[in-house]
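Notes to accompany the following structure.
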Amino acid sequence: MARILVSGAVANKPRSGGEAWVRLSWLRGLRRLGHEVCFVEQIESADPVKLETFQTAMGALAGECPVALLCGGDSVEGLTLEEVTEWARGADLLVNISGHLEIEAIKEGPRRRAYIDVDPGFTQIWAEEGAGARLEGHDTYFTVGENIGTPECSIPTAGREWQPLPPPVTLEDWPLTPPPAKGRFTTVATWRSPLGTLAHGDDVFEGKHHQWRRLIHLPRQAAPEFEIALQIHDDDEADRIALTATGWHLVDPVAVAGDPLAFRSYIQASAAEFSVAHPVYVDTTSGWISDRTVRYLASGRPALVQDTGIGGRYPTGEGLLTFRTLDEAVAGAEAIAASYEGHARAARALAEEHFDSDLVLARFLEAAL
């Protein structure tokens, strides 16, 4: 049994149930394997919404695991700085998601330190530009951009050897459930990515909302109904009107997926996922697959997602379908609707074979330790 400190942003992603699953699936998956785990997060300001987000997520997913929310040197929730520092001194491994943990007194404690990249392209380009990707001080580097470092992917390595890492899903938390009678193709999204646009050399990667605009007529051309739990600013009211006018159903992501359990219920109430990807994932052939998508798959919900070059690593066409154009998106949606039960079975099988946290994290630990 190893002693593992996990760090990542939960409170810093307020009222986002999906983001909580990204970080806390590590905690739950590692504990399933029998390891001793502690979770720590640092914040710059202790506002009530962040605290509520942290408390709700930990109450739902952390169980008896020791946790700490730190603001500077002060404890906002859970263990104190001194207690976490002492816990870290006896740890075998730090799992530092996005390099979140920067408190040196804690970070230097574990015997080994692993950086987990969940924003491929952004992480490496920011690092090359000296823009604060926080890569220093780690022994090993892992990324969900699974093609980084291969000839087909144009994302720079920033001088690191990146090991491919699929998003882990704890299958017992995401059981196969019967589909709803009249479920929609859904996703949870932010209209304008908080990460913004990105440039590298002569390449400029525009915002994710441009991808949605290119597919705005999908509901008019495909039989299934489509819904986005969409965070969209009032300044983008013209886009909101255009989406609803072309048949998209829009719902409030905080209302339907603002905490981990609501997020799971929203996915389970869906028929399938339909989603686009940020251009930096698509244009570079990054091999990225969303942590959200693997939760749809685990629930027996087929996924129709924009092609990021995942076909070289995972079987596509049954359960997991990809598209590059509007016509391909229409064809994929029609294919899922026409053979839904087969695609649903294939979706769960894909999750069991490729994304099961027992398998993913066991391989990770072998490399990280």
Side-chain angles (χ1 to χ4, degrees), residues 13-22 24-25 28 53 56-57 59-61 167 169-191 212 215 218-219 222-232 240 243-244 246-277 289-306 318-321 329 332-352 355-357:
K13 307 285 186 179
R15 293 176 177 168
S16 175
E19 295 287 2
W21 277 108
V22 174
L24 296 183
S25 290
R28 295 180 68 79
T53 297
T56 301
L61 300 181
V169 57
T170 45
L171 292 178
E172 67 175 0
D173 291 326
W174 292 88
L176 181 64
T177 57
K182 294 183 178 180
R184 293 169 173 166
F185 283 54
T186 69
T187 197
V188 182
T190 300
W191 185 246
W212 286 110
L215 296 157
L218 177 61
E225 292 190 358
F226 295 86
E227 177 178 291
I228 315 173
L230 185 64
Q231 181 180 334
I232 184 169
R240 182 196 298 273
L243 286 164
T244 56
T246 48
W248 295 89
H249 299 271
L250 304 182
V251 296
D252 178 6
V254 173
V256 301
D259 65 69
L261 301 186
F263 178 83
R264 180 170 59 188
S265 295
Y266 182 71
I267 287 179
Q268 292 173 340
S270 305
E273 181 184 27
F274 175 82
S275 189
V276 303
I289 185 169
S290 169
D291 56 88
R292 179 187 59 250
T293 294
V294 302
R295 285 154 181 70
Y296 275 90
L297 296 176
S299 303
R301 304 299 186 262
L304 174 58
V305 294
Q306 195 164 9
E318 259 192 294
L320 175 62
L321 290 77
E334 299 287 4
I336 290 173
S339 303
Y340 183 80
E341 290 185 2
H343 283 289
R345 287 193 299 270
R348 176 68 183 191
L350 274 166
E352 291 175 348
F355 305 109
D356 180 357
S357 64

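- For the pair P302 and G300, the tightest heavy-atom approach, listed with the atom from each and the gap, is CD-O, 3.7 Å.
- The side-chain heavy atoms of W174 and W21, taken from C-beta on, include a pair separated by under 4.5 Å.
- L243 is listed as a side-chain neighbour of L230, based on a closest heavy-atom distance under 4.5 Å.
- Contact annotation: the side chain of P167 approaches that of I289 to within less than 4.5 Å [non-hydrogen atoms, C-beta and beyond].
- Side-chain N/O atoms of S299 and Q268 include no donor and acceptor closer than 3.5 Å.
- Taking the ring-ring contact (aromatic ring centres under 6.0 Å, His included) definition, one finds that F226 meets it with F185, W248, F274, sequence neighbours left out.
- Of the inter-residue distances, the one linking L297 atom CG with E273 atom CD reads 8.0 Å to the nearest 0.5 angstrom.
- With hydrogens and angles ignored, the 3.5 Å screen pairs no side-chain donor or acceptor of R348 with any backbone N or O of A344.
- In this view, T186 and R184, E227, Y266, S270, Y296 satisfy the side-chain contact (heavy atoms from CB on, under 4.5 Å) rule, not counting sequence neighbours.
- The nearest pair of heavy atoms linking L215 to P219 is O-CD, 4.5 Å.
- Residues Q231 and S16 form no side-chain contact, since every pair of their non-hydrogen atoms from C-beta on lies 4.5 Å or further apart.
- Distance alone, capped at 3.5 Å, is enough to place a donor-acceptor pair between the T53 side chain and the R15 backbone.
- Listed by first and then second residue, the side chain to side chain donor-acceptor pair (under 3.5 Å) pairs involving residues 332-347 amount to none (not counting sequence neighbours).
- For E318, the CD atom is loosely surrounded, since the number of other residues' heavy atoms within 6.0 Å does not exceed 12.
- Nearest approach of A57 to L24, heavy atoms of both residues: O-CD1, 3.8 Å.
- Two residues are said to be in side-chain contact when any heavy atoms from C-beta on lie closer than 4.5 Å; E19 and V22 meet this criterion.
- Contact detail for A329 and L304: the closest heavy-atom pair is O-CD2, 3.4 Å.
- Annotation: the span from L250 atom CG to R240 atom CZ amounts to 6.5 Å, rounded to 0.5 Å.
- Residues A271 and P180 come closest through the heavy atom pair N-CG, 4.3 Å.
- Atom CG of L176 and atom CD of E352 lie 8.0 Å apart (nearest 0.5 Å).
- When every heavy atom of V188 is checked against every heavy atom of P253, the shortest pair comes out as CG1-CB, 4.3 Å.
- Inspection of the R292 and T187 side chains reveals an N or O donor paired with an N or O acceptor under 3.5 Å.
- Annotation: side chain of T293 is in contact with side chain of L320 (closest heavy-atom distance under 4.5 Å).
- Taken to the nearest 0.5 Å, the CD1 atom of I267 stands 9.5 Å off from the CZ atom of R301.
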